[in-house]
Structures are given as structure tokens and as C-alpha cells.
Engineer: 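I'd like to ask you about the structure that follows.
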Amino acid sequence: MKPLNEIFEENSRWVASKLEKDPAYFDKLAAGQNPDILYIGCSDSRVTAEELMGAQPGEIFIHRNIANLVVACDNNVNAVVQFAVEHLKVRHIVVCGHYECGGVKAAMQPSDMGQLNSWLQGLRDVYRIHQVELDAIDDESRRYDRLVELNVREQCLNLVKTDHVQRAWYKGGHPQIHGWVFDVRTGKLVDLQLKLAREFALLRRIYDLRPIG
Ligand code: CO
């Protein structure tokens with residue numbers, strides 16, 4: 001871990017390197033953002049969003065929390081999703097989980113964790129929904145991995161339930177929702193290629209928020 005003063009030195013070097021390539025770099029950056037993707041990922045320090053995607057400032061709108069959850073009553077994630085779809089008009093929302101996720105491991109080991117109890121309840125619910133499949137996996141590490149993937153899937157479905165996403169869909173057919181996993185053991189980003197059409201149809205019967213009439 002770097003001492004804090006080195007962070008500012010590093011920043012100065014970064015500014016200089018950007019200006020060397022393009023003297024107007026920060027003028028352009030200050031002019032506004034037009035990202036096409038909202039990325040919802042884990043707060044884990046190993047899973048940086050931009051770096052692993054090779055993205056530059058201005059390219060991706062980002063929200064991170066423990067275990068990349070989309071919780072219905074979370075004012076923070078709701079505001080981020082609304083801003084992304086209504087104002088930035090992003091065409092894609094990505095939920096990106098990662099293997100070796102501490103939040104997922106914690107959720108699979110029941111214990112009193114203070115403030116984390118209520119947060120991890122969302123993950124424990126994912127476990128409960130998929131308990132039969134998960135309990136049939138003998139290998140513990142494979143079971144963790146599968147819960148990471150199923151959690152991404154459930155959080156994608158949670159996005160579908162939100163009014164902001166549904167309004168945008170009914171208006172313009174976007175955003176598309178994608179589930180990815182970052183494998184910290186290899187550095188690879190994996191598209192889970194989620195096929196959610198069947199779930200969407202089922203969800204519609206229960207969660208459709210289209211105004212009547
Ligand atoms: Co994590």
C-alpha cells in the first residue's frame with residue numbers, strides 16, 4: 001500500500017501524461033460525459049471497473065457496493081439507475097460480479113455481522129431461491145462460484161423490476177441488461193450470456209409497472 005502523499009505524486013504524473021498526449025484532454029473531460037454503459041460492480045478493491053475493461057474517464061457510469069446488489073429500497077442504486085437511463089440514456093446496464101467475492105462467502109456462512117446482516121440478506125435470499133441447485137454442488141469453491149453467477153443473474157432480474165428501467169423500455173426499448181463475472185484468479189472478464197427472456201415474461205406478470213389504460 002502506497003503512503004497517501006505518493007497518491008498525489010502519482011496523480012501529478014497521470015495529469016502530465018494525459019496532457020502530453022492531448023493538451024486539451026481535461027477541457028474535453030470538463031465539457032461533459034456521454035457514457036453508453038452503466039456498470040454495477042462490487043466494492044472489492046481488486047475489481048476495479050475501468051482498468052479491467054481498458055476504459056477511459058467519461059466512458060462508463062459506475063456504481064459499486066458490496067457484492068454488486070440491486071436492492072429495491074436502496075436510494076443510492078435507484079438514483080444511479082434513474083440518472084443513467086433517463087439523463088445519460090445509457091444503452092447497456094452491466095451487473096458484474098466476481099469470483100472470490102468476500103460478500104458472497106460471508107453470506108454463505110451464517111453469523112451476526114452487524115450492519116452487514118441486512119445488506120447480505122439480499123444475497124442469502126439468492127441462496128434460498130437457488131438452494132436445491134447450490135446444495136447439490138459438493139465442491140465448496142465451485143458452490144461459491146455458482147452463487148456469484150446466480151447472484152449476478154438475480155441482480156439483473158432486480159433491475160428489470162425497477163420502474164426506471166421499465167419506463168425506459170416502454171419508451172425506447174433500452175437499456176439492454178448484461179450479467180458478467182470478473183475472474184480475479186485469471187483476470188478474465190466473462191459474459192454469462194444470460195438468457196432472461198423466460199424470466200422477463202414471468203416477471204412481467206408480477207412486476208409490470210406500466211400504467212393502466
Ligand atoms: Co465482492
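Start at 1 and go down the list; that is how both ligands and their atoms are numbered.
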Engineer: Atom CD1 in I37, atom CD1 in I60: separation rounded to 0.5 Å?
Structural biologist: 5.0 Å

Engineer: Is any protein N, O or S atom closer than 2.8 Å to the Co ion (ligand 1), and if so, which?
Structural biologist: C42 SG, H98 NE2, C101 SG

Engineer: Salt-bridge test for R64 and E50: reply yes if a basic N is under 4.0 Å from a carboxylate O, no otherwise.
Structural biologist: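 No, R64 and E50 are not salt-bridged.
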
Engineer: Between CG of D163 and OH of Y207, what distance do you get to the nearest 0.5 Å?
Structural biologist: 14.0 Å

Engineer: In terms of relative ring orientation, are F83 and F61 parallel, tilted or perpendicular, with 30° and 60° separating the classes?
Structural biologist: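 Tilted.
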
Engineer: Indicate whether any N or O donor in one side chain lies under 3.5 Å from an N or O acceptor in the other, for Y144 and D139.
Structural biologist: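 D139 and Y144 do not have a side-chain donor-acceptor pair below 3.5 Å.
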
Engineer: State the CG-NE2 distance between N76 and H63, to the nearest 0.5 angstrom.
Structural biologist: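 N76 CG to H63 NE2: 4.5 Å, rounded to 0.5 Å.
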
